[in-house]
Amino acid sequence: MRFTRHRLFWPLVALVALLVANTINTPDFLGLRLQDGHLFGAPIDILRNSAPLLLVALGMTLVIATRGIDLSVGAVVAISGAVALSFIGSSSDPGALSTVLVAVGIALALCFVLGVWNGFLVSVLGIQPIIATLVLMTAGRGIAMLITEGQITTINSAPYRVIGGGYWIGLPVSILIAGAIFALVAVLTRRTALGVLIESVGINPEASRLAGVQSRSIVWTVYALSGLFAGIAGLMISSNVMAADANNAGLFIELDAILAVVIGGTSLAGGKFSLAGTVVGVFIIQTLTLTVTILGISPSITPLFKAIVVIAVVLVQAPIVRRRMSSGPPRPTQTAPAPKTPVEVAA
Amino acid sequence: MRSTNFTKRTVAAVAAGFMALGLAACGGGDGGDDAQAGAGGEGGGGGDLISVGFSQVGAESGWRAANTKSIKDTLTEENGFELSFSDAQQKQENQIQAIRSYIAQGVDVIAFSPVVESGWDAVLEEAKNAGIPVVLTDRAVDSEDESLYESFIGSDFVLEGQRAGEWVVENLGGEPLNVVELQGTTGAAPAVDRKEGFEMAIEGNPEIQIIASQTGNFTRTEGRQVMEGFLQAHDDIDLVYAHNDDMGLGAIEAIEAAGLTPGEDIKIVTIDAVKDGMQALADGKINYIVECNPLLGPDLADIIKSVVAGEEVEKRIVVEDQAFDQAAAIEALPTREY
């Protein structure tokens, strides 16, 4: 039973359990059908709704790996949608591809700048990440409100709709975009030295610097990327409903992203990170949201239900619980050496 | 070329944002210059003007924005008022602070929309002792002592839900009807009351069944996601009842993505009647909307004048809400103010 000790084993069990629970309730839950030339079904809904959170969590994974945290992503999501929709809404030709491209360009450039701002506060001025990004988290929604003038901005623009609601070769465009960016980041961090450098900065910034690692630029880069990814997520969220809601777009998405990272097994203390784990974490969160609706859980106990699932997933991953489950009494040591002989695990 | 305007606005917004970074804690969103003017307003009642201190909840929705505009546009100097307006940014302590400052300034009348229902007795007592009458708008307080305020102007949320339910019974009743409900924020007065009103109205019609009910938090994104879940779990939905327009608009997106026609395959009934909702109603994607009127300004002005003149006013004034079907929406849309 060696695979039960893989760090993604329990999160994957949780994901499968959720899918099974839904399938028992609705037998054709995993069924797909062709609808207007694209795939349609619950799995597609989960994929499409996961895309924004996946991007935000991807940036968050990198930031957390450097021992940081980015609380401003939710506000950046709101700003991104507000800028893009205000621009398209006030242009003379909202339906033109060129208008949409310019809007997307402006929004993403601004979000990148906001990410750079966070990175500057953290890497150059040395402000604690939680404080540095709290600044933008608080001020960001105000900025988004100013841009939308306190209204929910709505538009009609076919090209813009594609980002969050379009399909290509039968799959949602949003998950294709998120998937492509994920693959790019995975290749960059796992096939080049970048991943190791990020981890070394997270484990010990000072030692890495003395060893010749450009820790300042690495930290700066991950915050800038986090801002950019949150910007893309903001475009998807606003495109999904064709409206920019400065108050509610991306509200608490930073917490969901941190949760996804933690479920995926990346430690908030920095260092080793798992991109695959983050993906599993995102799918668990999104499936959980859908499960609440499908099982018809009463809104008043929804938060409790979600909390129980999350605490269960996190608990089975805790070293002390895993050791107990695999080899009797916990050991006092901090590190958890794998038991030498394979032991039966009651799964 | 309107995009120049946009550029200016964006630059201004970003610049303002960076300035605000210096004082991060002020955050929040007000979207207007005069929002901070409350505490700094002169008050005191100069000349014949009636000085009014108004504390608004915040700027959380399009409905609220229309409400604020109505109040500011009515309580003008031309109409005989001197308005000090403050935005509480959804925090009760800000609101209590604003009310205390109005008491200190000695305004003629204080009006406010309470952020929450409870915890107002102390500050309302202070206003009463200072001899300043208080008028509530939009939301109520749960105080035992009704003498603490003169009047409460606002819509009746239960009635709104009831009217939505009555339309369903009249127009779609008589044959089996499966209803899914998109609730507002769990525990919020409008969500609780609109649910109750709707259930009251469909009582005694066993063919109308609420087969699923879940919160969409009054937002489009969550309205869409919850509707997607409903569509996966049930393939026999006939009607969506959403507690506000925004969730209904999110549901439209989900229904269209499922290859169905909103307004025909699945009918939609909502509450609020904001502009986007009315547009969707006129386009035939929503079937019926019960209005929740945000234009409280004129009613408020009348009450304030009566109170200052020393006349008796009614404790509870229910604002008249209209209701629109598709034909009425097409007619009303060109002249809608919000």
Side-chain angles (χ1 to χ4, degrees), chain A residues 22 25-26 29 35-36 40-42 45 49 79 83 86-87 89-92 102 106 110 113 117 134-152 154 165 237 240-243 245-249 251 289-300 302-303, chain B residues 1-3 5-7 9-10 12-14 16-18 20-21 24-32 59-62 64-65 68 183 186-187 211-215 217-234 246 249-250 253-254 257-259 274-276 279:
Chain A
N22 281 313
N25 189 268
T26 314
F29 179 76
Q35 169 79 54
D36 302 332
F40 176 79
D45 283 346
N49 289 329
I79 292 174
V83 169
S86 300
F87 180 84
S90 65
S91 77
S92 49
V102 173
I106 295 175
L110 179 61
V113 169
W117 162 259
L134 189 65
V135 172
L136 191 56
M137 177 190 179
T138 336
R141 290 213 177 262
I143 298 177
M145 293 285 287
L146 276 175
I147 295 170
T148 59
E149 294 173 331
Q151 304 283 351
I152 296 176
T154 43
I237 289 173
N240 211 1
V241 289
M242 295 303 273
D245 183 345
N247 272 298
N248 295 309
L251 193 62
T289 307
L290 189 60
T291 305
V292 166
T293 312
I294 293 220
L295 297 188
I297 291 164
S298 152
S300 47
T302 296
Chain B
M1 177 108 180
R2 288 186 58 202
S3 56
N5 273 339
F6 167 83
T7 319
R9 198 137 46 84
T10 310
V14 172
F18 279 115
L21 292 174
C26 86
D30 40 58
E60 77 278 12
S61 65
R64 190 65 62 190
T68 299
Q183 298 181 32
T186 310
I211 55 172
S213 181
Q214 186 59 248
T215 177
N217 258 326
F218 285 131
T219 65
R220 278 182 211 208
T221 308
E222 284 187 54
R224 173 172 184 162
Q225 286 195 13
V226 171
M227 191 61 210
E228 283 170 358
F230 285 161
L231 286 166
Q232 297 299 345
H234 309 277
D246 283 319
L249 292 166
E253 300 278 345
V274 297
K275 190 135 207 156
D276 292 338
Q279 188 60 55

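When reading the values below, keep in mind they use all heavy atoms of this one structure, side chains included, and skip hydrogens, waters and symmetry mates. Here is how names work: the chains are called A, B, and so on, in the same order as the sequence lines, proteins then strands, and each is numbered from 1. What you see is a predicted model, and the numbers here were worked out from it, not measured in a lab.
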* Asked: chain A: which of B:Gln225, B:Met227, B:Lys275, B:Gln232 shares the most heavy-atom pairs with it under 4.5 Å?
  ->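 If we count pairs closer than 4.5 Å to chain A, B:Gln232 comes out on top.
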* **Most chain A-contacting option - heavy-atom pairs closer than 4.5 Å, from B:Leu249, B:Asn217, B:Thr219, B:Val274** =>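 Option with the greatest count: B:Thr219.
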Contacting region of [X] [heavy-atom separation from chain A under 4.5 Å]:
| X | result |
| --- | --- |
| B:Thr215 | both |
| B:Ser213 | backbone |
| B:Ala258 | both |
| B:Gln183 | side chain |

* **Single hit among A:Asp245, A:Asn248, A:Val241, A:Leu251 for side-chain contact (heavy atoms from CB on, under 4.5 Å) with B:Thr221** =>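 With B:Thr221 as partner, side-chain contact (heavy atoms from CB on, under 4.5 Å) holds for just one option, A:Val241.
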* What is the distance from atom CG of A:Asn247 to atom CZ of B:Arg64, rounded to the nearest 0.5 Å? ->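 Those atoms lie 11.5 Å apart.
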* Out of curiosity, B:Arg224 CZ to A:Asn49 CG, how far, rounded to the nearest 0.5 Å? ->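 These two atoms lie 7.0 Å from each other.
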* Asked: Looking only at heavy atoms, what is the nearest atom pair of A:Gln35 and B:Gly259, with distance?
  ->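 Smallest heavy-atom distance, with atoms named: NE2-CA, 3.2 Å.
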* Minimal non-hydrogen separation, A:Asn240 against B:Glu253, with atom names ->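 Closest approach of A:Asn240 to B:Glu253, heavy atoms only: O-OE1, 3.7 Å.
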* Could you tell me which portion of A:Asp36 (side chain, backbone, both or neither) has an atom closer than 4.5 angstrom to a non-hydrogen atom of chain B? =>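 The answer is the side chain of A:Asp36.
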* Is chain B contacted by the side chain of A:Thr26, its backbone, both, or neither, given a heavy-atom distance below 4.5 Å? ->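 A:Thr26 touches chain B through side-chain heavy atoms alone.
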* All side-chain contact (heavy atoms from CB on, under 4.5 Å) counterparts of A:Asn22, not counting sequence neighbours ->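 Applying side-chain contact (heavy atoms from CB on, under 4.5 Å) to A:Asn22 gives A:Phe29, A:Thr287, A:Thr291, A:Ile294, A:Leu295.
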* Return yes if some donor-acceptor pair links the side-chain N/O of B:Gln214 with the main-chain N/O of A:Ile297 below 3.5 Å, else return no. =>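 The answer is yes, because a donor-acceptor pair under 3.5 Å joins these two groups.
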* Asked: Would A:Thr154 and B:Gln279 satisfy side chain to side chain contact (heavy atoms under 4.5 Å, CB included), going step by step from the backbone distance to the final call?
  -> CA-CA 11 Å; A:Thr154 43; B:Gln279 188 60 55; over 6 Å; no
